2 protein chains.
Amino acid sequence: MRQSKNSTASTENSGAKSTRKTWQKEAVYNIFSAMRNHPTAEMVCDSVYRTYPTIGRATVYRILNSFVDSGKAIKVPVCDGADRFDITTYPHSHAKCRVCGNVFDIDADFDMPEVRDSCGFTVENVAVLYFGICC
Amino acid sequence: MRQSKNSTASTENSGAKSTRKTWQKEAVYNIFSAMRNHPTAEMVCDSVYRTYPTIGRATVYRILNSFVDSGKAIKVPVCDGADRFDITTYPHSHAKCRVCGNVFDIDADFDMPEVRDSCGFTVENVAVLYFGICC
DNA sequence: AACAAAATGAGATATAATATCAATAGTAAA
DNA sequence: TTTACTATTGATATTATATCTCATTTTGTT
């Protein structure tokens with residue numbers, strides 16, 4: 001995603017509410033929530049496309065971002081490549097294989113760094129990412 | 001992939017790839033290592049450009065990546081925007097402000113999740129990233 | 001049905017990073 | 001020093017990622 005200078009998210013238009021039901025939102029949610037491989041936006045596009053060839057790419061991107069904004073999904077930072085989207089929102093961490101590039105869920109069996117306030121930084125969320133080899 | 005087929009039998013740098021000294025590598029290292037704000041590759045480019053206007057953009061990208069490969073720097077995953085490069089390689093974590101976009105070092109005063117082997121995944125490294133607001 | 005606003009979709013634009021490849025330049029051998 | 005070899009560079013093209021623009025369509029409401 002491009003970095004915007006002074007706004008947090010493009011979908012957050014002051015007071016704008018995405019309340020209207022559309023078949024596009026339904027389609028993206030149904031297909032994305034069935035994917036358990038932390039897909040990129042493009043991967044979701046491809047899947048949605050197979051069933052709904054008329055849907056626009058920008059629409060899929062917009063809808064995925066709206067899921068993140070509304071807490072229905074999270075973005076996983078993976079350092080390289082496209083953003084990953086994760087339908088699993090409970091606290092857990094991720095592992096990325098540097099060979100195959102796949103991203104896996106990792107149960108947070110260690111003490112998950114807790115959200116804290118220090119150094120004048122107000123923490124809202126934390127992401128833990130392991131790098132290594134899966135195979 | 002390239003093998004030194006006709007080099008003398010005893011090379012001190014066995015397997016070393018980027019061995020030749022160039023003023024470009026010197027320039028990028030000197031300027032990058034003085035930047036303490038987790039710059040993107042573009043930010044390094046801009047800085048290097050001011051002193052060495054003839055250096056190529058691709059060269060800066062290549063050299064920065066070689067620093068990461070050789071362990072002289074790390075890439076910081078920030079979920080949004082361009083990759084960040086960090087000259088500080090000792091174990092610590094990072095915080096990213098969702099308002100100003102800046103990235104800060106955070107001392108790992110909690111128990112840093114340790115590198116482990118679980119679920120068949122061989123962990124080589126771990127990154128902890130806080131999201132929040134700095135101001 | 002008619003209306004206003006939200007949402008979409010096609011394409012343009014912005015941004016990020018690597019690939020290509022001829023020319024250059026570092027290093028060792030002669 | 002000169003030569004030979006090839007790693008490295010740099011201009012440009014290409015690929016990848018993601019958002020923006022805006023005319024058109026659709027939704028929810030009256």
Side-chain angles (χ1 to χ4, degrees), chain A residues 1-29 39-46 48-49 52-70 75-85 101, chain B residues 1-13 15-29 38-46 48-49 52-70 75-85 101:
Chain A
M1 189 210 271
R2 209 173 47 75
Q3 180 168 327
S4 15
K5 284 196 272 247
N6 46 11
S7 115
T8 56
S10 54
T11 48
E12 180 223 13
N13 231 336
S14 57
K17 41 278 153 201
S18 43
T19 53
R20 295 187 176 175
K21 278 186 166 40
T22 66
W23 64 264
Q24 289 94 339
K25 290 175 186 171
E26 278 291 300
V28 172
Y29 184 81
T40 64
E42 282 301 310
M43 292 161 73
V44 177
C45 276
D46 290 346
V48 172
Y49 241 72
Y52 309 91
T54 64
I55 205 167
R57 278 174 16 91
T59 300
V60 176
Y61 274 83
R62 268 191 302 250
I63 291 174
L64 283 174
N65 281 327
S66 78
F67 290 164
V68 174
D69 289 342
S70 65
K75 265 187 194 174
V76 181
V78 291
C79 206
D80 285 320
D83 289 337
R84 304 295 188 123
F85 291 87
Chain B
M1 55 179 66
R2 142 226 136 278
Q3 286 281 3
S4 46
K5 38 197 183 269
N6 51 0
S7 65
T8 53
S10 59
T11 314
E12 303 98 328
N13 265 338
K17 305 252 176 231
S18 336
T19 53
R20 295 187 177 175
K21 282 180 60 179
T22 66
W23 63 264
Q24 289 92 341
K25 290 175 186 172
E26 279 290 300
V28 172
Y29 184 80
H38 307 82
T40 64
E42 282 301 310
M43 293 162 73
V44 178
C45 277
D46 290 345
V48 172
Y49 241 72
Y52 309 91
T54 65
I55 204 165
R57 202 155 287 259
T59 300
V60 176
Y61 273 83
R62 267 191 303 251
I63 292 175
L64 283 174
N65 281 328
S66 78
F67 290 164
V68 174
D69 290 342
S70 65
K75 265 187 194 175
V76 182
V78 291
C79 206
D80 287 321
D83 288 338
R84 304 296 188 124
F85 292 87

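Computed from a predicted model, the values in this text were never measured in an experiment. Order of the sequence lines sets the chain letters (A, B, ...), proteins ahead of strands, with each chain counted from 1.
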Atom-to-atom span, [atom1] of [X] to [atom2] of [N] - whole angstrom:
| X | N | atom1 | atom2 | result |
| --- | --- | --- | --- | --- |
| A:Leu64 | C:dA7 | CG | P | 16 Å |
| B:Asp46 | C:dT15 | CG | P | 12 Å |
| B:Asp69 | D:dT8 | CG | P | 12 Å |
| A:Tyr49 | C:dT8 | OH | C1' | 13 Å |
| A:Lys25 | D:dT26 | NZ | P | 15 Å |

Subject >> For A:Phe85, ring-ring contact (aromatic ring centres under 6.0 Å, His included) partners two or more places apart >> reply: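 Per chain and number, A:Phe85 pairs via ring-ring contact (aromatic ring centres under 6.0 Å, His included) with no residue.
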Original post:
Who pairs with B:Tyr61 by ring-ring contact (aromatic ring centres under 6.0 Å, His included), at least two apart in sequence or on another chain?
Top reply: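 So B:Tyr61 forms no ring-ring contact (aromatic ring centres under 6.0 Å, His included) with any residue.
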Original post:
Under the side-chain hydrogen bond (donor to acceptor under 3.5 Å, both in side chains) test, which residues partner A:Ser70, sequence neighbours left out?
Top reply: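 In terms of side-chain hydrogen bond (donor to acceptor under 3.5 Å, both in side chains), with neighbours along the sequence ignored, A:Ser70 is linked to A:Lys72.
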Original post:
Excluding sequence neighbours, so at least two apart, what forms side-chain hydrogen bond (donor to acceptor under 3.5 Å, both in side chains) with A:Arg84?
Top reply: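 Partners of A:Arg84 under the side-chain hydrogen bond (donor to acceptor under 3.5 Å, both in side chains) test: none.
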Original post:
What one-letter contact string describes nucleotides 17-25 of chain C from 5' to 3', where B marks a base within less than 4.0 Å of any protein heavy atom, S marks contact via sugar-phosphate atoms alone, and - marks no contact?
Top reply: SBB------
Original post:
Which part of the nucleic acid, if any, lies within reach of B:Ile63 when heavy atoms closer than 4.0 Å are counted: base, sugar-phosphate only, or nothing?
Top reply: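 Sugar-phosphate only.
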Original post:
Which heavy atom in B:Thr40 sits nearest to a heavy atom in B:Ala82, and how many Å separate them?
Top reply: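 Where B:Thr40 meets B:Ala82 most closely, the heavy atoms are CG2-CB, 3.8 Å.
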**OP:** Output all residues satisfying salt bridge (charged side-chain N to carboxylate O under 4.0 Å, His left out) with A:Lys25, sequence neighbours left out; order by chain, then residue number.
**Re:**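 Counting only residues at least two positions away or on another chain, A:Lys25 forms no salt bridge (charged side-chain N to carboxylate O under 4.0 Å, His left out).
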**OP:** Would you tell me if any nitrogen or oxygen in the side chain of A:Gln24 comes within less than 4.0 Å of OP1 or OP2 on C:dG9?
**Re:**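 Affirmative; the distance criterion is met.
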